[in-house]
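Down below is the structure, laid out as structure tokens.
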Protein chains: 2
Amino acid sequence: MTTTAPRRRASISDVARQAKVSVGTVSNVLNRPDRVSPATRERVLAAIDDLAFVPNGSARQLRAGTITTAGAIVLDVSNPFFTDVARGIEDRLEEADYTLMLASSDEKPEREARYLRLFEEHGVQGVMVVPATQDLEHLETLRARGLRVVLLDRPSPVDTLSSVAVDDRAGAAAAARHLVDLGHERIAFLNGPHTIRQCADRSAGLHDALVELGLDPVEALVEITISTLNADGGQTGTEQVLALAERPTATMCVNDLTALGALRTLRAADVPVPSGMAVVGYDDVTFAGELATPLTSVRQPTHQLGHRAADLLLDPDDVVEQVTFQPELVVRESTTGVG
Amino acid sequence: MTTTAPRRRASISDVARQAKVSVGTVSNVLNRPDRVSPATRERVLAAIDDLAFVPNGSARQLRAGTITTAGAIVLDVSNPFFTDVARGIEDRLEEADYTLMLASSDEKPEREARYLRLFEEHGVQGVMVVPATQDLEHLETLRARGLRVVLLDRPSPVDTLSSVAVDDRAGAAAAARHLVDLGHERIAFLNGPHTIRQCADRSAGLHDALVELGLDPVEALVEITISTLNADGGQTGTEQVLALAERPTATMCVNDLTALGALRTLRAADVPVPSGMAVVGYDDVTFAGELATPLTSVRQPTHQLGHRAADLLLDPDDVVEQVTFQPELVVRESTTGVG
DNA sequence: CGTCGTCGGTGAAACGGTTCATAGCATGAA
DNA sequence: TTCATGCTATGAACCGTTTCACCGACGACG
């Protein structure tokens with residue numbers, strides 16, 4: 001029917017000409033239909049349909065200044081933790097008829113900077129970001145320029161930035177208490193480098209709990225630093241644990257993928273779980289409960305995390321707030337045995 | 001230090017005034033620095049820095065008409081399959097200095113339509129979409145209006161739309177051949193409803209392979225329809241399989257989550273894998289090889305899928321092409337036993 | 001019969017950039 | 001000295017909307 005040649009998009013003035021009205025009237029039909037008489041409205045709508053008119057968002061935005069879009073930058077879109085958070089953001093934004101531009105920085109500060117710039121140029125309402133660096137100065141600058149900024153999965157060290165995070169110390173402490181309750185007095189902790197804030201916090205939480213329970217962390221805790229926070233890291237870490245002179249009776253892992261590697265290694269070494277070695281993960285990813293040995297893990301309220309972040313971003317009063325969620329220990333057979 | 005009151009953003013004319021040049025010159029500093037003398041350039045850059053000037057993307061885009069952004073709509077951002085595809089898209093787009101707006105339709109046609117409209121209004125270069133409906137007419141309309149459209153994970157039924165998909169029949173057939181090679185002559189297939197194209201295709205592929213190998217599909221294949229394509233579906237499906245009078249010796253699952261549920265159920269029923277029941281999954285998600293019984297699965301080139309889709313979207317000649325990738329069977333212990 | 005308020009519609013300014021024709025100004029050649 | 005040349009910089013037009021001051025017509029009212 002219509003030609004497929006990608007001719008110039010119809011503009012509002014094309015519509016006006018065809019409907020024999022002024023551009024102002026077309027704009028009114030689009031934005032305040034009640035201000036226009038039914039007859040004219042019909043004519044304009046017909047013209048819009050006829051010309052397959054789609055309003056130009058850039059022009060609208062340029063003139064109106066406002067935009068109902070928010071940006072989010074996570075470290076890695078292919079990590080289930082972050083996508084669950086993104087999902088929470090999306091769901092909250094949708095309630096307000098906002099849309100989300102999602103991007104991943106790949107932990108690279110320059111990629112993060114690039115997306116921040118893109119978002120700012122396009123006048124988003126605000127950005128939610130899992131920072132790729134310790135240094136947050138650029139985000140404070142952004143904030144000072146009037147853009148809303150919400151830190152994701154990271155408590156804000158300054159009171160000018162909002163943040164939504166989970167209490168990593170509490171999560172690790174809960175896991176530690178659970179293990180000590182079960183009688184474990186020597187615990188291995190497969191952890192990443194402390195330059196990653198989450199790793200440092202979880203280590204601190206573990207210490208706290210042990211001290212609180214009257215154990216000496218130096219004796220009770222063996223922290224092993226792994227370089228990759230995945231199953232391979234879990235494997236090499238567990239091999240080190242098994243080689244220890246005084247073998248721990250429980251292993252706590254910095255995340256569930258690491259725990260996966262640990263379980264695999266223990267199985268290969270014929271160490272029964274949990275009787276020979278109890279294992280705790282972190283994140284409670286979807287498959288944690290589906291493993292041959294269902295994994296005890298620390299669940300984080302990922303969806304809520306995103307939901308609350310979007311909430312703060314949309315807040316009409318633009319309040320600055322630091323929100324901290326509490327994680328929850330989910331106990332399964334990798335610590336308690338078949339129950 | 002600076003006031004936090006969100007004062008008006010500096011515009012190009014503010015910069016021009018401060019640097020005592022014309023707006024045209026500022027624009028040149030931004031876009032063709034070589035056209036400007038070093039001295040002036042310095043002065044302008046200083047002013048830009050001083051005023052924390054960030055160009056307004058909408059204005060630029062409005063005038064320039066073009067934009068280096070693409071949109072992608074997947075069914076669910078929290079599904080690892082789709083996020084891996086998104087990752088492939090992002091990586092290819094980055095090479096061309098393009099950015100990605102990612103959104104999920106949640107399998108709802110109206111959400112898909114909403115995002116399509118948003119993307120079109122903002123003048124994206126094109127959209128890559130995993131359609132939420134069988135009907136693709138709205139996408140053809142979009143295409144006729146000059147927007148580039150690439151179908152994701154779905155072969156195009158019309159030659160006006162580009163598409164990038166994986167051969168599901170071949171994947172299922174490869175799995176079937178592997179099982180028959182191992183001596184299995186009665187196979188259960190836990191599959192979703194055939195209204196989902198992937199499910200229908202995989203079923204067909206299974207049939208094809210059995211016929212080709214001289215087996216009668218009616219006898220050799222028991223297809224069980226599950227309603228949720230996850231671990232729960234796998235569990236209920238497997239319970240049905242175990243209740244069959246003539247129990248199959250292998251179970252093929254429509255995806256890895258389903259396979260996870262199957263493995264769990266078999267273990268609970270003390271059926272050894274693979275000697276009592278071989279299991280095959282689909283997708284080869286990251287943890288498939290990390291399970292207590294590593295899972296044989298059909299790997300899809302997710303990253304390539306996205307990469308190629310972005311490639312088509314960026315093609316300077318705007319060619320229309322239907323690309324089909326071949327999946328690959330990854331054999332692990334859930335079919336071959338400890339090797 | 002004038003005045004007034006309402007309704008429906010108009011047209012131009014403004015948003016913040018890019019682009020392009022043009023002009024000023026050295027410089028070097030004739 | 002004159003003139004062509006090349007380099008910079010200028011300023012106005014333009015992109016497609018929204019918004020707002022304004023205007024004509026019309027019915028109600030005193």
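As the structure is a computational prediction, the values presented were derived from the model and not from experiment. Here is the naming used below: chain letters follow the sequence lines, and residue numbers restart at 1 for every chain.
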Touch class at under 4.0 angstrom, heavy-atom based, for A/Thr25 against every strand present
base

Atom-to-atom span, CG of B/Asn56 to C1' of C/dA14 - whole angstrom:
13 Å

For the residue pair A/Leu305 and A/Phe81, establish whether any side-chain heavy-atom pair is separated by less than 4.5 Å.
yes

For A/Asp84 and A/Gln300, what are the C-alpha separation, side-chain angles and deciding distance, and is it a side-chain hydrogen bond (donor to acceptor under 3.5 Å, both in side chains)?
CA-CA 10 Å; A/Asp84 285 352; A/Gln300 310 207 61; over 6 Å; no

Select one nucleotide: of D/dT17, C/dG17, C/dT18, the one nearest the side-chain heavy atoms of B/Ala59.
C/dG17

Among B/Val26, B/Asn28, B/Val21, B/Leu30, whose side chain to side chain contact (heavy atoms under 4.5 Å, CB included) with B/Val36 holds?
B/Asn28

Taking only side-chain nitrogens and oxygens of B/Ser22, does any of them come within less than 4.0 Å of OP1 or OP2 of D/dT10?
yes

Side-chain ion pair, A/Arg148 and A/Asp315, N-O less than 4.0 Å:
no

Go through C/dT18, C/dC15, C/dT10 for me and flag the one nearest to the A/Leu62 side chain.
C/dC15

Using a heavy-atom cut-off of under 4.0 Å over every strand shown, decide if A/Ser27 touches base, sugar-phosphate, or nothing.
base

Considering only side-chain heavy atoms of A/Val21, which listed nucleotide, C/dT10, D/dT10, C/dT18, is closest?
C/dT10

Without decimals, in angstroms, what is the distance between B/Ile12 CD1 and D/dC15 P?
18 Å

OP1, OP2 of C/dT18 versus side-chain N and O of B/Asn31: anything below 4.0 Å?
yes

Just how far, in rounded Å, is C1' of D/dT17 from CG of A/Asn28?
12 Å

Tell me if the side-chain of A/Arg63 makes a donor-acceptor pair with the base of D/dT18, cut-off 3.5 Å, by modelled atom types.
yes

Can a side-chain donor-acceptor contact be found between A/Gln61 and B/His122 if the only test is distance below 3.5 angstrom?
yes

Roughly, in whole Å, what's the span from CD1 in B/Ile48 to C1' in C/dG17?
13 Å

Can you tell me how far C1' of D/dT17 sits from CZ of A/Arg32, to the nearest Å?
12 Å

What is the distance, to the nearest angstrom, from the CZ atom on B/Arg60 to the P atom on D/dG16?
18 Å

Any side-chain heavy-atom pair from B/Arg87 and A/Asp76 closer than 4.5 angstrom?
yes

Grab the CD-P distance between B/Gln61 and C/dT18 for me, whole Å please.
12 Å

Looking at DNA chain D, which of residues 34-45 of chain B put a heavy atom within less than 4.0 Å of it?
B/Val36, B/Ser37, B/Thr40

Heavy-atom side-chain contact between A/Glu90 and B/Asp106 under 4.5 Å:
no

